[in-house]
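Each ligand, and each atom within it, is numbered from 1 in the order the structure gives.
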Amino acid sequence: MASIATEICGISMETCVFNAAGPADVTLEELEVIGKSKSSAITMKSCTLEAREGNPEPRYRDLAFGSINSMGLPNLGYRKYIEFVAALKKFGKPIIPSISGLTRQDNEIIFEAFNDSEADFIEFNPGSPNTIGKPTAGYDMQYVDELLTAALGISNKPVGIKLPPYFDFVHFEQAWKVLKKHDIKFISTINSVGNALVIDPEKEQTVIKPKGGFGGLGGQYIKPTALANVRKFYELSEGKTPIIGVGGVFTGVDAFEYILAGATAVQVGTAFLQHGPGVFERIQKELREYMDKKGYETLEDFRGKLKVIE
Ligand code: RRO
């Protein structure tokens, strides 16, 4: 049987498949479900300084090929997630807090507080499109530069960044120019594709309420965009920065495509929400089977080795 083991920030993981920040990872009960599942790590909901209720409902909708959300960062506040790190250690897998402070000062306080926790590594998330009244921070690279300087100056944990999707080569290059200045241990890409609009034609109405119906698109719709982002950052970093691929991973073959594009691991978001915690084991099994069929023994046999038509 093929091995799908991987390593991020020097931490060995039994498999390369785990949950994405966002879906069903706000409360300790939800995080324990992930702990008990075959998810290889426990990623937690992005947290802010204070607890937030999030945006008004309806704020999430399953779609034919994915999901749309405008949750608005509902979370229990960073102090709870520090407590949860301790409570989740018993599952023996890496615990990944996601930090999404609303200001630079908030981020500094939160990063400092996690220093005394047993979090394994931290995903910094400046990529949410859904905070009412705020643009997506990850599109303002000068601001990202400042945030990273502040966060990395404070954190004693390995820190990676969760990026919003980019669509133009020049934007990938601008993002990489900033990221490469910092000691970023991994890149998770992509966050949801922001400000999509889904319409119910019968009701002649939007399907979610916040922001006039505009929200982040996830699931199968966004896989090609996510693969492009993985590939571009793999190329720009010359394969040296581990990339965690996120976006429309529903099957083992999806995961295979991400590794082929250069990813070191994949996170599962919408598929976890729609299919429940058994989804991790199924994707892992399907990935192993697909590798067996191709004669690959480890992820390194094909990671990044995407062929381009000459
Ligand atoms: O909570 C959200 O609305 C949210 C966040 Br923080 C994020 O990073 N990505 C997303 O699609 N939704």
Anything under 3.5 Å between an N or O on ligand 1 and a protein N or O? List each pair with its distance, or write none.
unit_1: ligand 1; atom_1: 1 (O); unit_2: K45; atom_2: NZ; d: 2.8
unit_1: ligand 1; atom_1: 1 (O); unit_2: L73; atom_2: N; d: 2.8
unit_1: ligand 1; atom_1: 3 (O); unit_2: N69; atom_2: OD1; d: 3.4
unit_1: ligand 1; atom_1: 3 (O); unit_2: M71; atom_2: N; d: 3.1
unit_1: ligand 1; atom_1: 3 (O); unit_2: G72; atom_2: N; d: 2.7
unit_1: ligand 1; atom_1: 3 (O); unit_2: N130; atom_2: ND2; d: 3.0
unit_1: ligand 1; atom_1: 8 (O); unit_2: N125; atom_2: ND2; d: 2.9
unit_1: ligand 1; atom_1: 8 (O); unit_2: N191; atom_2: OD1; d: 3.4
unit_1: ligand 1; atom_1: 8 (O); unit_2: N191; atom_2: ND2; d: 2.8
unit_1: ligand 1; atom_1: 9 (N); unit_2: N191; atom_2: OD1; d: 2.7
unit_1: ligand 1; atom_1: 11 (O); unit_2: N69; atom_2: ND2; d: 2.8
unit_1: ligand 1; atom_1: 11 (O); unit_2: S192; atom_2: OG; d: 2.6
unit_1: ligand 1; atom_1: 12 (N); unit_2: N69; atom_2: OD1; d: 2.9
unit_1: ligand 1; atom_1: 12 (N); unit_2: N130; atom_2: ND2; d: 3.1

_Holding to salt bridge (Lys or Arg N to Asp or Glu O under 4.0 Å), I want the full list of residues that pass it with E235, two or more places apart in sequence or in another chain._
R231, K232
*Using a 4.5 Å cut-off on heavy atoms from C-beta on, say whether the side chain of F186 contacts that of E123.*
yes
For residues 173-181, please give each side-chain donor-acceptor pair under 3.5 Å, one per line with the distance, not counting sequence neighbours.
unit_1: W176; atom_1: NE1; unit_2: L236; atom_2: O; d: 3.2
unit_1: K181; atom_1: NZ; unit_2: D145; atom_2: OD1; d: 3.4
unit_1: K181; atom_1: NZ; unit_2: D145; atom_2: OD2; d: 2.6

*Taking 4.0 angstrom as the limit, do D292 and K294 come out as a salt bridge?*
no
*asked:* Please verify the inter-ring angle class for F233 with F172; under 30° counts as parallel, over 60° as perpendicular, anything in between as tilted.
replied: perpendicular
*asked:* Other members of the hydrophobic cluster containing L273, with the 4.5 Å side-chain heavy-atom rule, please.
replied: Y60, M71
